[in-house]
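Have a look at the structure below before the remarks.
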Amino acid sequence: MTTADYTGKIPNNVALHEDRRLQRALESWQPNFLDWWQQMGPTLPTQDVYLRTAIDVRGEGWAHFGHVPMPEYRWGIFLAERDPGRLIAFGQHKGEPAWQQVPGEYRAELRRLIVIQGDTEPASVEQQRNLGLTAPSLYDLRNLFQVNVEEGRHLWAMVYLLHAHFGRDGREEADELLRRNSGSADSPRILGAFNEETPDWLSFYMFTYFTDRDGKYQLGTLKESAFDPLSRTCEFMLKEEAHHMMVGTTGVDRVVERTAQVMAASDTDDIAGHGAIPLSIIQKYLNFHYSVSLDLFGGETSTNVANYYTAGLKGRWMEERRKDDHRLTDDSIMVDALADGRIAQAEVGALTGLNTDLRREYIADCEGGVKRWNRILESAGLPQRLHLPHVAFNRQVGAFAGIEASPSGEVLTPAEWEQRSGQWLPTETDKAFVRSLMRPVYERGKIAAWVAPPRNGINGQPFDYEYVHLT
Ligand code: BYC
């Protein structure tokens with residue numbers, strides 16, 4: 001294992017200095033990345049931010065805290081330690097040694113997976129770029145920037161793989177990752193959810209809960225990859241990802257907590273006039289972010305995913321804990337399907353149903369969040385509850401893309417959907433109301449009225465710590 005080298009332009013633990021060509025190629029991509037960060041990254045100017053920087057992948061080295069001016073953040077390339085005896089755990093190459101190089105026959109598929117993963121990282125930074133202007137506290141502002149710099153690092157992780165293993169095509173793809181932009185009419189980001197706006201902090205918490213959680217599951221499957229550098233990269237990314245998940249989970253907790261307090265104190269559901277976010281609006285935001293995140297798993301059946309699995313490129317969540325033959329050629333799975341326009345199930349081969357398998361793992365995890373938020377409502381003595389909408393609700397990808405369904409799974413005509421969707425998804429009025437609450441609170445130890453303070457600070461610091469020095 002090479003220890004992290006911080007002496008060069010690009011911090012890394014991949015012995016970059018031993019490959020001058022690769023080093024030069026990445027060093028010439030670096031200014032383009034920094035230009036992109038200046039143009040598309042956070043808009044709020046700051047002096048410095050209390051950030052976590054990875055200086056080593058071992059022990060505590062991955063979480064080194066200190067105040068850093070953001071443009072001077074050391075984005076680096078870090079892969080988890082190599083296991084020299086690692087064997088492929090699934091697919092037709094099961095039992096063979098993991099690959100250190102890309103096999104020619106899988107080059108196009110692997111590149112595609114890496115590009116799709118890479119595309120989401122800068123997309124989320126673009127989506128979140130204006131949120132600093134309306135942060136509810138310095139603590140939240142710091143968390144936003146932490147998420148942003150780490151998404152930037154995750155882009156570096158994928159660009160490293162493209163440059164190191166895919167030659168000229170890889171370098172071109174790395175350039176394209178900076179050229180596409182979230183929401184752009186001409187060159188949008190690849191996956192749907194990454195072209196949606198994140199215009200307010202309720203959206204940010206929902207995004208980091210639901211959409212970052214797709215990241216957790218997709219990275220979990222790529223961590224199983226037979227292509228060892230991809231596996232090791234994803235393993236380290238997952239460590240950082242846990243913080244993003246914490247921001248989402250506790251962010252929604254804190255909004256629900258504040259809403260519950262105001263509802264209990266004012267004895268009404270209609271708390272908009274009291275400066276907090278009504279539960280009905282929280283539910284609509286949840287419906288939106290959950291449903292667009294379900295789309296990120298692709299179709300219920302997919303020959304792409306079957307091929308990825310068989311080839312050993314993308315495994316299942318917790319592949320090694322599954323008790324089956326890890327080849328799945330003779331197995332089947334029930335997947336969601338449409339039958340005569342009605343919501344039904346169909347039996348398909350386990351391989352083509354792998355997107356469904358992963359989506360189910362994700363849904364079970366999301367149910368945990370809803371349970372937690374409902375416990376907050378319960379402890380406040382309130383009878384109201386939040387719910388995950390039906391899997392067919394508001395879908396643009398997969399079996400239900402062609403129909404409209406209510407959150408309880410009732411199939412609707414287009415006219416009914418048109419008439420009723422505003423009860424379930426945020427309307428312009430809801431969004432304008434949430435935006436009206438988004439006033440920045442940059443005073444140490446203070447917090448906006450629509451969200452409760454966090455229970456814990458960052459790295460043992462108190463809530464009123466100076467997490468960010470503004471200019
Ligand atoms: N939007 O065969 P199908 C993260 C396309 S998030 C638009 O069902 P497949 C993060 C699909 O490309 C994790 N198009 O799809 C979170 C295909 O196109 P072609 C990101 C879509 O391939 C927060 C066609 O439809 N990582 O890290 O089985 C902040 C047929 O689809 C969408 C990954 O996704 C969509 N939603 O599965 C920061 C991992 N869905 O080939 C970061 C890598 C599908 O016909 N990606 N299409 O032109 C994959 O594993 C798979 O490509 C997918 C789709 C799961 C995305």
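Everything numeric in this text was worked out from a predicted model, so none of it was measured. Both counts, for ligands and for their atoms, begin at 1 and track the order of listing.
- When only non-hydrogen protein atoms are considered, atom 9 (P) of ligand 1 lies nearest to S302 OG, 3.7 Å.
- At a heavy-atom cutoff of 4.0 Å, ligand 1 is contacted by the side chain of E151 but not by its backbone.
- When non-hydrogen atoms are compared, ligand 1 lies under 4.0 Å from the side chain of I116 (C-beta onward) but not from its backbone.
- Protein heavy atom in closest approach to atom 23 (C) of ligand 1: D212 OD1, 3.5 Å.
- Ligand 1 has an N or O atom lying under 3.5 Å from an N or O atom of D295, backbone or side chain.
- The aromatic ring centres of Y106 and W99 sit less than 6.0 Å apart.
- Those atoms of ligand 1 with a heavy atom of N355 less than 4.0 angstrom away are 8 (O), 9 (P), 28 (O), 37 (O).
- Under the side-chain hydrogen bond (donor to acceptor under 3.5 Å, both in side chains) test applied with E126, the options R189, Q39, R180 reduce to a single match, R189.
- Looking only at heavy atoms of the protein, atom 44 (C) of ligand 1 is closest to G298 CA, 4.0 Å.
- E300 and V335 make their closest contact through O-CG1, 4.0 Å (heavy atoms, listed as atom of the first residue, atom of the second, distance).
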For side chain to side chain contact (heavy atoms under 4.5 Å, CB included), just list the numbers for S293 and R213, CA-CA rounded to whole Å, side-chain angles, deciding distance to a tenth of an Å, and then say yes or no. CA-CA 9 Å; S293 301; R213 194 166 304 271; over 6 Å; no
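- Centroid-to-centroid, the aromatic rings of W36 and W29 stay 6.0 Å apart or farther.
- For the pair R359 (side chain) and L294 (backbone), a donor-acceptor distance under 3.5 Å is present.
- Considering backbone and side-chain N/O atoms, K314 comes within less than 3.5 Å of an N/O atom of ligand 1.
- Contact annotation: for N304 versus ligand 1, heavy atoms closer than 4.0 Å belong to the side chain alone.
- The protein non-hydrogen atom at the shortest distance from atom 21 (C) of ligand 1 is L191 CD2, 4.0 Å.
- A salt bridge links E428 with K431: the distance from a Lys NZ or Arg NE/NH1/NH2 to an Asp or Glu carboxylate oxygen falls below 4.0 Å.
- Among all non-hydrogen protein atoms, the one lying nearest atom 1 (N) of ligand 1 is G192 N, 3.1 Å.
- Using a 4.5 Å cut-off on side-chain heavy atoms (C-beta onward), E109 and K314 make no contact.
- Neither the backbone nor the side chain of F210 has a heavy atom within less than 4.0 Å of ligand 1.
- Listed by number with element, the atoms of ligand 1 under 4.0 Å from a non-hydrogen atom of L113 are 43 (C), 46 (N), 49 (C), 50 (O).
- The CD1 atom of I77 sits 6.0 Å away from atom CH2 of W156, with the distance rounded to the nearest 0.5 Å.
- The distance from ligand 1 to the heavy atoms of L296 drops below 4.0 Å at these ligand atoms: 36 (N), 55 (C), 56 (C).
- Shortest contact from atom 16 (C) of ligand 1 to any protein heavy atom: T211 O, 3.4 Å.
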Carefully, step by step, assess K284 and T427 under the rule side chain to side chain contact (heavy atoms under 4.5 Å, CB included). CA-CA 9 Å; K284 289 182 187 184; T427 61; 4.2 Å; yes
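- Looking at Q117 next to ligand 1, an N or O pair under 3.5 Å apart turns up.
- Counting heavy atoms under 4.0 Å from ligand 1, residue I190 touches it through the backbone alone.
- The N/O atoms of G299, backbone and side chain alike, include one that comes under 3.5 Å of an N/O atom in ligand 1.
- The closest non-hydrogen atom to atom 11 (C) of ligand 1, taken over R112, Q128, M237, comes from R112.
- Applying the 4.0 Å criterion to heavy atoms of F194 picks out, from ligand 1, the atoms 6 (S), 10 (C), 16 (C), 23 (C), 29 (C).
- With ligand atoms numbered from 1 in the order given, ligand 1 contributes 6 (S), 13 (C) to contacts under 4.0 Å with heavy atoms of D214.
- Aromatic pair W201/F207: ring centres not closer than 6.0 Å.
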